[in-house]
Amino acid sequence: MAQTAPPPVQQPVAALAGRPADAPAERFVRTIVSPLALAGRRGKVTYWSVFALVVVLFAFAFLFPVYWMVTGAMKPPEEVVRTPPTLVPEQWQVTGYTDAWDLMRLPTHLWNTVVQATGAWVLQIVFCTAAAYALSKLKPAFGKVILGGILATLMVPVQALVVPKYLTIADMPLIHVNLLNDPLAIWLPAVANAFNLYLLKRFFDQIPRDVLEAAEIDGAGKLRTLWSIVLPLSRPVLGVVSIFALVAVWQDFLWPLMVFSDTEKQPISVALVQLSQNVPLTVLIGAMVIASIPMVLMFLVFQRHIIAGISAGSTKG
């Protein structure tokens, strides 16, 4: 009697897809390169070679301009404008930085920038946080209408608001005080930041209502709840808002140029342009490097808060 051949063994679909048959379905993640291709030596070498090449290219694209600017201040003036340019300075010197520190009065202008940025940051954190908390948790009358009006200001170009702001600062309504050449001319407009207010409100909306009700049962008032419950939970978004507020003031040029006619009170962004016509190119490059150091340090210190703030509003699907 003829024996029939056994039916071919069918492999599980999971094995064909590059994962164990007993692997949980919810843990399976599709990737561009299948695990089977990465299992071999050729696949691993190809994958890590491409990965290393991409990392090197991105690092070069971001770090080479920084290297070019830092080394540009260490070249003699005639070498900076040479064609073709030199990648490595032939004569290393630091006079570009020392002359920039003295000739362009960088300590004075850096201090002016620190004062203006710090005041704008403090006022923005206080008032935007209070307004966002009120709109999110206190539910005032016509709260949605107020929020809609605040968000509508984001559609107005910044250039269209320059003249009204200048007229307001030059002659404050009701009190008739001139705030030109005063840090308040930077602080007060910075408080009305619709984007940061909306960012804070959206974060406050995600705080569970049960947490606030538990604080109310314990006898905490609205202000106590904000200080002891909401703000500690909001550290990631407060870090992001702080960075936005500081960077916005630090890099702003048009508004400080209009309100600070006194050169001794100008921030670093305006001073670099005003004093650049009477100094060598290497001195100007050195001044730009020194002016960028505080922002770079701030990013390195608060990069964890940036990442946490970006992922703070994410939800699990």
Side-chain angles (χ1 to χ4, degrees), residues 113-156 158 161 165 183-252 294-295 297-317:
T113 310
V114 170
V115 171
Q116 296 168 17
T118 303
W121 165 66
V122 171
L123 292 178
Q124 193 171 136
I125 287 293
V126 172
F127 288 98
C128 286
T129 301
Y133 176 72
L135 293 173
S136 175
K137 299 303 180 182
L138 302 185
K139 304 297 182 181
F142 305 105
K144 294 184 178 180
V145 177
I146 297 174
L147 180 61
I150 294 174
L151 296 180
T153 60
L154 294 175
M155 305 178 186
V156 182
V158 178
L161 301 176
K165 285 197 304 182
L184 287 173
I186 302 295
W187 298 349
L188 296 182
V191 174
N193 192 305
F195 177 78
N196 287 343
L197 189 150
Y198 182 71
L199 191 65
L200 289 166
K201 180 189 178 299
R202 291 296 300 171
F203 187 89
F204 293 162
D205 290 341
Q206 298 178 3
I207 297 179
R209 184 65 186 177
D210 298 340
V211 177
L212 305 182
E213 292 177 352
E216 293 177 0
I217 294 175
D218 292 339
K222 301 297 182 182
L223 186 60
R224 180 69 176 181
T225 302
L226 172 63
W227 181 261
S228 301
I229 305 298
V230 177
L231 291 184
L233 294 175
S234 306
R235 289 179 181 176
V237 71
L238 290 177
V240 174
V241 170
S242 299
I243 293 173
F244 286 166
L246 292 173
V247 172
V249 177
W250 199 276
Q251 68 180 7
D252 193 10
M295 290 294 98
L297 293 178
M298 186 182 68
F299 173 78
L300 295 178
V301 172
F302 295 103
Q303 59 178 334
R304 296 175 58 185
H305 296 278
I306 298 175
I307 299 174
I310 292 174
S311 60
S314 60
T315 56
K316 295 183 179 180

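Here the shortest heavy-atom pairing between K165 and P189 reads CD-CB, 4.0 Å. In terms of heavy-atom proximity, T225 sits nearest to A215 at OG1-CB, 4.0 Å. Of all non-hydrogen atoms in A120 and A190, the two that sit nearest each other are CB-CB, 3.6 Å. Taking all atoms of both residues into account, the shortest heavy-atom contact from C128 to V191 is SG-O, 3.4 Å.
Taking the six-membered ring where the residue is Trp, F195 and F244 present tilted rings, their angle falling between 30° and 60°.
Between T129 and F204, the closest side-chain pair of non-hydrogen atoms falls below 4.5 Å. Between T113 and Q116, the closest side-chain pair of non-hydrogen atoms is not below 4.5 Å. For the pair V249 and W121, the minimum side-chain heavy-atom distance is 4.5 Å or more. Under the 4.5 Å side-chain criterion, counting only non-hydrogen atoms from C-beta, S234 is in contact with I207. Taking 4.5 Å as the limit, every side-chain heavy atom of I125 sits out of range of all side-chain heavy atoms of N196.
Between L123 atom CG and T118 atom OG1 the span is 11.0 Å, to the nearest 0.5 Å. Rounding to the nearest 0.5 Å gives a distance of 8.0 Å between CG of N193 and CG of L154. To the nearest 0.5 Å, the span separating CG on L231 from CG on L233 amounts to 9.0 Å. Rounding to the nearest 0.5 angstrom, the gap separating the CG atom in D252 from the CD1 atom in I186 is 6.5 Å.
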- [ ] Evaluate the side chain to side chain contact (heavy atoms under 4.5 Å, CB included) criterion for residues V247 and M298: first the C-alpha distance (whole Å), next the side-chain angles of each, then the deciding distance (0.1 Å), finally the verdict.
- [x] CA-CA 10 Å; V247 172; M298 186 182 68; 3.6 Å; yes
Task: From CA spacing to verdict: side chain to side chain contact (heavy atoms under 4.5 Å, CB included), L135, Y198 - done: CA-CA 10 Å; L135 293 173; Y198 182 71; over 6 Å; no
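Around atom CH2 of W250, more than 12 heavy atoms belonging to other residues, nucleotides or ligands sit under 6.0 Å away.
Evaluation of the side chain to side chain donor-acceptor pair (under 3.5 Å) rule for E216 yields K222 as partners, not counting sequence neighbours.
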